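Have a look at the structure below before the remarks.
The shown structure was predicted, so the numbers you read here are calculated from the model rather than taken from an experiment. Worth knowing before you read on, the calculation uses all heavy atoms, side chains too, and leaves out hydrogens, waters and symmetry mates.
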Amino acid sequence: MSGASQPLALLLCGCYAAALGVHTGERSVAESRNTGYYVAAVYEHQLIQSPDPLALVSRRQALELMNQNLDIYEEQVMTAARKGVQIIVFPEDGIHGFNFTRTSIYPFLDFMPSPRVVRWNPCLEPRRFDDTEVLQRLSCMAARGRMFLVANLGTKQPCQSSDPRCPVDGRYQFNTDVVFSSNGTLVDRYRKYNLYFEAAFDTPFQADHVTFDTPFAGKFGVFTCFDVLFFQPAVSLLRDPEVKHIVFPAAWMNQLPLLAAIQIQSAFAMAFGVNFLAANIHQPSLGMTGSGIHSPLKSVWHHDMEHVTGHLIIAQVARNPQRLVGTENATDTVDPSHSKFLKILAGDPYCERDSQEVLCDGATRWNMNAPPTFHSEMMYDNFTLVPVWEKEGSLRVCANGLCCYLLYQRPTLSEELYALGVFDGLHTVHGTYYVQVCALVKCGGLGFDTCGQEITEATGMFDFHLWGNFSTPYIFPLLLTSGMTLETPDRLGWENDHYFLRKSRLSSGLVTAALYGRLYERDSGEWGPGAGHRVDSPKLTQATAHSTGTTSAHPGSFGKK
């Protein structure tokens with residue numbers, strides 16, 4: 001289907017491709033080379049899970065289960081190959097599943113030699129190492145499909161008692177992403193650093209910084225799921241200016257209104273100006289769905305809570321992603337709403353002279369008869385909010401050092417409650433990390449206590465500027481409308497020490513517009529090296545599949561552990 005606002009069952013176990021500017025077969029590869037694009041695929045996999053992850057099984061039994069999932073992977077690779085795909089990404093936990101203990105997962109683990117020490121093509125040298133059957137199958141898939149392949153599996157590495165960090169059972173166990181080249185060579189591996197309640201796995205002593213080069217798009221970076229919320233390794237990877245593409249296996253449980261899978265995927269692409277290839281697992285019963293191929297300007301994505309099927313997304317991706325227009329020079333505009341935004345900004349007590357010589361002394365002042373503030377829980381945090389009642393206006397709400405502002409117009413008033421909220425503090429549930437958030441959200445009902453609830457449908461239309469005096473440069477723009485539809489802001493950027501998001505002409509009712517700031521230096525370390533434990537949530541109800549480019553749809557899904 002085309003567009004990003006039509007509800008629908010989207011997905012497919014082997015034969016569906018959604019494409020952004022799609023071309024198929026050999027022609028797509030040739031054209032992508034000639035036009036500065038490559039062809040990528042991500043697969044949202046409906047997991048075949050062990051009926052009892054706590055049970056002790058043999059290696060043979062473990063392989064029987066994993067081969068069922070690998071059979072599906074192989075079908076997807078061959079489907080993708082016929083469409084000219086050059087790189088494919090599979091989800092976290094998609095081969096063995098999750099909810100194991102350290103002991104019960106052991107038969108599912110492959111031995112993992114370091115690709116930086118040993119050059120190895122498992123498909124061509126299957127007997128070189130024991131317990132590498134899964135790596136061998138993945139290697140042969142990559143070679144047969146003639147594409148780079150990224151997959152996630154559990155791996156083991158023996159250690160000596162002389163190693164003070166060596167676990168008592170004499171081995172390390174890692175949640176591992178592997179990268180194979182188009183001839184099946186094991187290019188590199190990444191071991192997940194920010195674990196999310198994963199007792200079966202160990203945390204590496206240091207974060208792996210894994211990048212790999214491709215002949216069709218240059219350098220890619222790799223990290224997994226919960227890592228996306230932390231500086232190591234996700235942000236630190238991007239200190240390398242040549243890293244313009246990220247591959248992202250995930251098993252992400254959605255949590256609205258701020259951290260659904262497709263929200264954070266798209267936000268990361270916009271925040272850092274990179275392409276983001278995200279494969280989530282499909283497990284609707286656990287609130288897990290949401291995969292996509294995201295650039296800073298547009299996304300092709302899949303989200304389906306109703307259907308239990310895998311889904312393949314294929315899209316053309318620019319080798320050199322372009323940032324959102326206007327982020328570097330946001331003040332070059334004569335738009336009346338933006339001029340009003342500048343005047344309001346100039347009237348803020350924190351203001352200084354901006355680049356257009358708008359002075360504080362002559363600026364618009366805030367209405368002292370503003371609606372009352374209230375508190376409500378959102379994402380397990382105590383937000384301070386103010387209701388958005390009028391057809392147009394400007395609002396401000398502050399907490400600690402962060403003030404959030406909204407300038408808005410509404411064509412009509414809907415019978416819904418919206419609120420502008422702020423949170424500036426340490427998030428401590430399902431992970432410990434410091435956030436600054438400005439969020440315009442639709443509430444679950446008409447009561448103040450419903451603001452922050454998880455909803456997916458809305459009718460309220462807004463033209464707005466949202467901004468705040470953030471203390472961090474790491475700000476993720478979140479913009480979601482009715483039916484789990486991603487929207488692209490008209491403009492993002494800094495103005496007079498405030499970060500703003502501007503949007504008009506939404507395609508459907510607003511669910512969330514937010515600026516999600518991360519202050520990595522204020523994180524607590526109580527959860528481990530990256531303060532890691534993921535913020536996920538289990539329940540969504542709308543089955544949809546969308547794209548901001550040209551695409552088709554079938555029954556879909558998503559996942560996390």
Side-chain angles (χ1 to χ4, degrees), residues 10-14 16-20 38-48 69-70 72-77 79-80 83 85-98 138 141-142 145 147-153 175-180 190 192 210 212 220-228 234 245-254 260-266 268-269 274-284 286 288-295 299-304 309-315 317 534 536 545 547 556-561:
L10 174 64
L11 145 6
L12 214 67
C13 208
Y16 168 67
L20 175 59
Y38 65 97
V39 184
V42 300
Y43 182 61
E44 184 166 302
H45 176 54
Q46 171 59 36
L47 174 68
I48 300 174
N69 289 304
L70 289 167
I72 298 171
Y73 279 26
E74 189 159 10
E75 293 172 3
Q76 302 309 313
V77 168
T79 298
K83 302 293 185 180
V85 166
Q86 294 155 284
I87 184 169
I88 189 168
V89 184
F90 290 99
E92 181 185 21
D93 298 332
I95 295 173
H96 52 68
F98 36 76
L138 293 170
M141 284 182 213
M147 67 185 68
F148 275 68
L149 184 150
V150 181
N152 175 271
L153 71 158
N175 178 332
T176 305
D177 299 332
V178 288
V179 182
F180 292 93
Y190 167 73
K192 187 177 180 183
V210 173
F212 61 94
F220 285 71
V222 188
F223 52 85
T224 310
C225 209
F226 199 33
D227 288 327
V228 75
H245 319 271
I246 297 294
V247 291
F248 182 67
W252 187 280
M253 294 169 64
N254 288 271
I262 58 173
Q263 278 180 301
I264 192 63
Q265 295 163 13
S266 173
F268 195 96
V274 296
N275 295 319
F276 199 78
L277 282 54
N280 199 3
I281 207 158
H282 187 75
Q283 206 79 352
L286 297 177
M288 301 164 82
T289 190
S291 303
I293 298 175
H294 308 272
S295 77
S299 296
V300 182
W301 74 92
H302 172 76
H303 179 103
D304 184 350
T309 352
H311 184 76
L312 181 67
I313 301 172
I314 298 175
V317 186
R534 183 174 1 168
D536 301 337
S547 164
S557 56
F558 70 76
K560 161 63 191 171
K561 34 174 130 49

List for me each residue that meets side-chain hydrogen bond (donor to acceptor under 3.5 Å, both in side chains) alongside [X], sequence neighbours excluded, and say none if there are none.
X: Gln263; result: none
X: His96; result: none
X: Asn275; result: His245

Does [X] use its side chain to pair, donor to acceptor, with the backbone of [Y] at less than 3.5 Å?
X: Asp177; Y: Asn152; answer: no
X: Ser266; Y: Ile262; answer: no
X: Glu92; Y: Pro249; answer: no
X: Gln76; Y: Phe90; answer: no

message: Taking the six-membered ring for Trp, are Tyr43 and His311 closer than 6.0 Å centroid to centroid?
response: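 No.
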
message: Check for me whether the distance between the ring centres of Phe180 and Phe148 falls short of 6.0 Å.
response: no

query: Just wondering, do Met147 and Gln86 contact through their side chains at under 4.5 Å, heavy atoms?
result: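 No, side chains not in contact.
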
- request: Measure the shortest side-chain to side-chain distance between Thr309 and Gln46 over non-hydrogen atoms and say whether it is less than 4.5 angstrom.
  value: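 The answer is no; the side chains never approach within 4.5 Å.
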
message: Could you measure the distance from the CD atom of Gln265 to the OG atom of Ser299? Nearest 0.5 Å is fine.
response: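 So the gap between those two atoms works out to 8.5 Å.
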
- prompt: How many angstroms lie between atom NE2 of His45 and atom CD1 of Ile72, to the nearest 0.5 angstrom?
  reply: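 So the NE2 of His45 and the CD1 of Ile72 are separated by 4.5 Å.
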
message: So, applying side chain to side chain contact (heavy atoms under 4.5 Å, CB included) with Val150, which one of Val89, Leu138, Val178 is it?
response: Val89

Under the ring pair (Phe, Tyr, Trp, His ring centres under 6.0 Å) test, residues paired with Phe248 that sit two or more places apart: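 By the ring pair (Phe, Tyr, Trp, His ring centres under 6.0 Å) rule, Phe248 matches Phe223, Phe276.
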
